[in-house]
Structures are given as structure tokens and as C-alpha cells.
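Right, one structure below, let's go through it.
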Amino acid sequence: MAATSPSQTITDLHRAGAASDVFSGSRVTSPIPSPPAFVRQRLAIGLPEVSEVDVVRHFTRLSQESHGVDNGPYPLGSCTMKYNPKRNDALAALPGFACAHPLQDADTLGGVWEMYVRLQGMICEITGMDACCLAPAAGAHGELAGLLVIRAHFDRQNNRRPVVLVPDSAHGTNPASAAMAGFECRIVPSDLKGRVDLVALREMLTPDVAAFMLTNPSTLGLFEDQIVEIADAVHANGSLLYYDGANLNALMGIVRPGDMGFDVVHVNVHKTFSTPHGGGGPGAGPVAVKAALAPYLPSPIAVRRDGVAQRDDDRPLSIGKMKSFHGHVAVLLRAYGYLRTMGAAGLRQASENAVLNANYLQRRLSHMLPPVYAQFCKHETLLSGERLNTSARQFAKRLIDYGIHPPTLVGAGCVYFPGDLKSAMLIEPTETETKASLDYQVEIFQRVFDEDATDEALVESAPLSRKIARIDLKN
Ligand SMILES: *Cc1c(COP(=O)(O)O)cnc(C)c1O
């Protein structure tokens, strides 16, 4: 097959007769005498015929065209793109787990339930909650599960509370999940320090409010230092406090959402607990709650009865299943392996280093990209592009040419951030970058900053190193 071009799909590589019939063509005696029906069906629906080597080259080329944490720095704020230790992949590939089938008898899956009981316990311990369900498939899915739990709780009390409050700095999934769970969403403004505006929140806490969704530290990288007052105000109104756990990487082993007053949390294991993320694979968004809400958690959950870990199917108040079978077992196994190898002290150290690294970058970049909020940050920092001749967007695109993934862009065009930010970047280095890597990033930022001052056209035309610079010409 000829050399492939960037826009080529597997279908473009089709060549009649290229796919060999492994079953009938083999001279080795096959236990399967003729192509089974499913293979014949596939050929009949017109799937492309491509030789094995061309299939391998096609997908290898595609994998090389994307940027991952395994081939360069990935300071994408809010996403915690940290390195995933490969030993956890080996753990997930152990045949006892990898070859288990979700339909085999529940009592032959003892190892999975044992791992689930332990992981549920670790998540409860880290978040300060009492019960946990591992089934949701991602953070947003965990939000939906948590909000349905909240709805079930109030429905059972015949307490009509159709409203969920969300701060204006919230991740876009928060209002989306609230809407999907059937709530009306109201937006709480931030104050001048980037915190929740407590006066506005108090006014908005009316008897129809079921919950306030919050992440701490916030998506601006700032710790909500009024969290105790916030929790008291929410609870005094009979409402619940929901913790978006996407920023847990800032405070593992240091402070727990449950101790801050949160009632429900979700955890993005593919962020904080170092499992594949984004294009790297499916994630998981376990949801954990205080005891009063435990009966409503989705199913299945794992319990230990008479010393034996097993699935608990006797949960009449549960909101039901959020995911087929048992959730993403292989992802959760990686999270379990990560937590076991880190231990409590290691988790705390990871968070401390994540915060240290973010403050190091904030300080060293401040003469080019001053922090929007002039104070120490947590695990990520929001830097202003106001001194750039081009824009934060173009600056970020030029970083691609130097092998650094663009940070998260904030401001114009980003609907879910406070509206008055014009051009800013949210940078999250994570704890897995070395000091040498951070220094390299500073050097590259300086180079691009200088280019922005002397050769605006160059920065405007970035990225120059990609076969496709813009997928959507409007951007
Ligand atoms: C990533 C993120 C989410 C959504 O999580 P997914 O796992 O991507 O669905 C929610 N809130 C915040 C603050 C996030 O950063």
C-alpha cells in the first residue's frame, strides 16, 4: 500500500482481496472448519479489506500523531494529565482479571469483588465518606449518579427541591449533569478573589434548592477558604453539598471533602488516581456519599459478608444501574494498584508536589503571564495573556511546535468561566514532572513569549509542525 496521508481513514486503504481469509487459507488444521457466521457477516457488510501490515501501520501512524503524557509535558489545567505508571497496566492485564467474563457466575468473581470492597474503602477514607459505588464511567457520569442520589433522597421525603446551584467557575459538566438529572440550574457568581460570593449564595439558598455543586480547590486553582461557612449555609437551608472531585489531586491526604461538610462526591480516577485518560482509554467516576444517602447509591456495590467479598443485590432504594455489568473493572484495578503502591504518605506527598510544581511555574512565568489572582495557587494556576501581542490561544498553539501540549484556554470562547476574563491559560503541571521538565517548560514559554514580541506573524500561524493546523477554520 502507498504511503498514508494524514486524512486517510481505514476505509480509504481498502483494496479488494487484500484481507486474507485466515480460516480457509491456513494449511494448519483449524478447529474451525470454515469461517464462522460472524466473520462471513462482517465481509458481507462491506468492511474495508486491508492487509494486516497496513492495518498496523495505519493505527501506529495515528497513535504517533497525537500528543500524550508519554511523549511530552501535558499541563492541561483541570485535567490532571499525570503519568500513569506502567506497572498498573501489568496488574490490569493479569489473566485472572483480564480473562474474567462479566456473565460468569458471580461467585467465581471473588477477586473482583475483593478488589472492589478494598477500593471502595480507600475512596471513602480519602474523601471522608461512608459508602461508595464504583460503577460510573467518568466524572460527568459520577455527577449524574450523585445528583440522582440527591433527587432520590428528597423524593423519598416528599420534599420538592427542583433547583441545583452551580458557581460560575464550575466545569461545564456540572450544569449539564444537573439538567440531565432533571434539575433547574442557577449560577452563583464569584467574588473579586475568585471565591464563591457568599452573600449572593445566601440569597440564592431558597427552600427549593436541593444542592450546591462545588469543587475545592476551584477550577481557578484557588482553595475556597470560606468552605465551612458555605457548608453551614447550605445545610441550614436543608440542602446538600456536592463535591466535584476533579481537583482532588491538590489535597489527597491533607484534607477531606467529607470533613469540609460535603455530602456527596465523585472521584475522577483517570485524573487523580493515574489511570488512562482521554484518548488513552475509558475512565471511571466512582461516587461516594455520607451514610444517610448510602441506600440510594447505584448498583452494584460490593460488600464483605461473613468475611467474603461479594456483590450486594438487596438494595431496594438504589437509583439502579448506571453502567452495564460491573463498571470499568480494568480502570479501577489500575486505580487500586496506584493507591496500594502510593500508600497514604505517598498520596499526601503527591498532592504536596503537585501544589509545589504549580506554584513554581506560576512564579517563574509571572513576568510573562501574570497570575490572574495574585496569591499562592493549589495544583493549577490561572495565568493572564494580557501582555501578549497575539493571544493566549495563539501562544498555546505555538507551544505545540515545541512538543508541549497547550494548557487549558480560559476566557473568550470558553463559556464556563467567569465572563470578564479575556485571555488566560489554566496550567496544571502535576507532580509527575521533574524539576528539569518544569525548567524546560519555562524555557519554551520564554522562547514563545519572545517570538510573540518580535514575530507576531509566526505565532499567529502556529502550529507549523502539524500536518493539520486547524480542524475548524473558524478557530
Ligand atoms: C474533568 C472534570 C470534570 C468531568 O470529568 P470527566 O471525567 O471528564 O467526565 C468535572 N469537573 C471538573 C472540574 C473537571 O476538571
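One-based numbering, in listed order, for ligands and for the atoms of each. Being a predicted model, the structure only gives us computed values, none of them experimental.
Shortest contact from atom 5 (O) of ligand 1 to any protein heavy atom: N268 ND2, 2.9 Å. Looking only at protein heavy atoms, the nearest one to atom 9 (O) of ligand 1 is A140 N, 2.8 Å.
Within the structure, the closest approach of H141 to ligand 1 does not fall below 4.0 Å when heavy atoms are considered.
Considering backbone and side-chain atoms together, D244 places an N or O closer than 3.5 Å to an N or O of ligand 1. Where the criterion is an N or O separation shorter than 3.5 Å, residue side chain and backbone included, G139 meets it with respect to ligand 1. Taking distance alone, with nitrogen or oxygen atoms compared against 3.5 Å, K271 approaches ligand 1 more closely than that limit. Checking only distances, H270 does come within under 3.5 Å of ligand 1, N or O to N or O.
Remark: L103 engages H101, F325 in a side-chain contact (heavy atoms from CB on, under 4.5 Å) (not counting sequence neighbours).
A side-chain donor-acceptor contact under 3.5 Å links Q446 and H367. In summary, the side chains of E431 and S351 do not present any donor paired with an acceptor at a separation below 3.5 Å, with no hydrogens or angles considered.
Heavy-atom neighbours of K193 NZ from other residues, nucleotides or ligands within 6.0 Å: at or below the threshold of 12.
In summary, the atoms of ligand 1 found under 4.0 Å from a heavy atom of A246, numbered by their order in the structure, are 2 (C), 11 (N), 12 (C), 13 (C), 14 (C), 15 (O). Listed by number with element, the atoms of ligand 1 under 4.0 Å from a non-hydrogen atom of A138 are 7 (O), 9 (O).
Note: F445 and F395 meet the aromatic proximity criterion, with ring centroids under 6.0 Å apart.
Considering all non-hydrogen atoms of both residues, R161 and V209 come closest at NH1-O, 2.7 Å.
Counting heavy atoms from C-beta on, the side chains of I230 and V196 come closer than 4.5 Å.
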